[in-house]
Amino acid sequence: MQNQINNLPKLAKDKHKENKTFFAKLRKKPPKQLDYIMQELHAKEFERTDCLQCANCCKTTGPLFTDKDIQRLAKFFKMKEQQFIDQYLRVDEDNDYVLQSVPCTFLDTKNYCMVYEVRPKACREFPHTDRKKFQQISNLTLKNVAICPAAYNIVEEMKKQIKL
């Protein structure tokens, strides 16, 4: 698995132009069954992908924290929301709350999330490959294929199944 993770940025870079062209066409004319196709590809990929073997998303990127995420996590830690923000978060260039640093503070040495049951929405939905109106998040998906082996595999399978 680690070898696959190490090779992922190069593989994604090699496919970037092809993927960008594919997604541009997909945005213009998404197939009627796109959401269904994506949910099926996502489910099939995650039957064979064990995120605990990877956790590359947690090691290399951080989620955006919504107000609800902050409320939920502060309550989990029995802290005031501002205390949680001060201890764990910072405001990024887009004015969003993000982790102060990566890897994620809440990732343990065995790739388990210590706040799994109350994790941010962005973490629960990652890599977003089963989202409705998938064609609208193609720029995010282009980034995620360089981070997540499952996202990379889903996009490769998607290009085989959807002829544009």
Side-chain angles (χ1 to χ4, degrees), residues 1-13 16 19-20 23 26-27 34-35 38-155 158:
M1 174 61 85
Q2 192 56 49
N3 200 25
Q4 185 180 10
I5 295 165
N6 293 343
N7 291 331
L8 199 55
K10 183 186 181 329
L11 288 170
K13 187 178 178 190
H16 184 77
N19 289 345
K20 197 171 181 175
F23 283 127
L26 188 71
R27 275 193 303 276
L34 181 62
D35 289 345
M38 293 311 298
Q39 288 167 359
E40 195 174 275
L41 290 173
H42 179 92
K44 192 181 277 187
E45 180 62 32
F46 280 98
E47 284 174 9
R48 62 178 175 257
T49 297
D50 179 3
C51 293
L52 292 173
Q53 297 298 312
C54 180
N56 199 44
C57 52
C58 307
K59 293 173 184 173
T60 62
T61 62
L64 300 180
F65 285 74
T66 65
D67 291 341
K68 286 186 178 184
D69 294 332
I70 293 167
Q71 291 168 357
R72 194 172 52 254
L73 283 152
K75 184 177 179 183
F76 178 81
F77 284 113
K78 297 179 174 52
M79 303 170 96
K80 296 210 179 297
E81 290 171 32
Q82 192 57 51
Q83 284 177 295
F84 178 82
I85 290 166
D86 293 344
Q87 186 165 345
Y88 297 108
L89 305 179
R90 67 177 175 82
V91 177
D92 72 2
E93 59 280 351
D94 296 323
N95 219 25
D96 292 315
Y97 280 114
V98 296
L99 290 170
Q100 289 178 5
S101 62
V102 290
C104 179
T105 309
F106 309 118
L107 183 68
D108 76 10
T109 56
K110 293 185 178 172
N111 290 344
Y112 281 93
C113 175
M114 295 182 284
V115 296
Y116 189 80
E117 57 279 352
V118 293
R119 69 196 183 279
K121 180 181 183 211
C123 299
R124 283 194 306 271
E125 295 180 353
F126 191 85
H128 312 285
T129 47
D130 61 346
R131 233 160 89 176
K132 290 191 188 310
K133 298 184 182 172
F134 175 80
Q135 72 278 9
Q136 294 177 352
I137 61 159
S138 57
N139 287 339
L140 178 62
T141 304
L142 281 170
K143 292 178 185 174
N144 289 344
V145 296
I147 298 165
C148 176
Y152 179 88
N153 293 340
I154 289 166
V155 169
M158 176 185 168

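Just so it is clear, the structure is predicted and the values come from calculations on it, not from any experiment. What you see below is based on every heavy atom in this structure, not just the backbone, and it leaves out hydrogens, waters and symmetry mates.
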Are any of the side-chain heavy atoms of [X] and [Y] separated by less than 4.5 Å?
X: N153; Y: Q4; answer: yes
X: K121; Y: D69; answer: yes
X: N144; Y: T129; answer: no
X: M158; Y: L26; answer: yes
X: L99; Y: P63; answer: yes
X: Q87; Y: M79; answer: yes
X: L73; Y: Y88; answer: no
X: P149; Y: L8; answer: yes

Looking at [X] and [Y], what are the two nearest heavy atoms and their distance?
X: V145; Y: Y152; result: O-CB, 3.7 Å
X: N19; Y: L142; result: CB-CD2, 3.5 Å
X: Q135; Y: R27; result: O-CG, 3.2 Å
X: P120; Y: L64; result: CB-O, 4.3 Å
X: F65; Y: V98; result: CD1-CA, 4.2 Å

Should the heavy atoms of other residues, nucleotides or ligands under 6.0 Å from [atom1] of [X] be counted, would the total exceed 12?
X: D67; atom1: CG; value: no
X: K80; atom1: NZ; value: no
X: F77; atom1: CZ; value: yes

Mind checking the [atom1]-[atom2] spacing from [X] to [Y]? Nearest 0.5 Å is all I need.
X: N56; Y: I5; atom1: CG; atom2: CD1; result: 5.0 Å
X: Q39; Y: K44; atom1: CD; atom2: NZ; result: 14.5 Å
X: I154; Y: D130; atom1: CD1; atom2: CG; result: 8.0 Å
X: L140; Y: R131; atom1: CG; atom2: CZ; result: 6.5 Å
X: H128; Y: Q136; atom1: NE2; atom2: CD; result: 14.0 Å
X: C104; Y: N111; atom1: SG; atom2: CG; result: 11.5 Å

Measure from NZ or CZ of R119 to the centre of the six-membered ring of Y116 and say whether it is under 6.0 Å with the direction within 45° of the ring axis.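 Yes - R119 lies over the ring of Y116, closer than 6.0 Å to its centre and within 45° of its axis.
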Applying ring pair (Phe, Tyr, Trp, His ring centres under 6.0 Å) as the test, list every pair that has at least one member in residues 38-58; sequence neighbours left out.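 Output for this query lists H42-F46.
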Contacts of type side-chain hydrogen bond (donor to acceptor under 3.5 Å, both in side chains), residue N3, not counting sequence neighbours: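 So N3 forms no side-chain hydrogen bond (donor to acceptor under 3.5 Å, both in side chains) with any residue.
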Who passes side-chain hydrogen bond (donor to acceptor under 3.5 Å, both in side chains) against T49, sequence neighbours left out?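 With sequence neighbours excluded, T49 shows a side-chain hydrogen bond (donor to acceptor under 3.5 Å, both in side chains) to E45, given in chain and number order.
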Parallel, tilted or perpendicular: which fits the ring planes of F84 and F106, with parallel below 30° and perpendicular above 60°?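 Judged by the thresholds at 30° and 60°, the geometry between F84 and F106 is parallel.
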[X] (side chain) donor-acceptor with [Y] (main chain) under 3.5 angstrom:
X: D35; Y: K133; answer: yes
X: D94; Y: D96; answer: no
X: E81; Y: K75; answer: no

Can you tell me if D86 and Q82 form a side-chain donor-acceptor pair at under 3.5 Å?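 Side chains of D86 and Q82: pair found under 3.5 Å.
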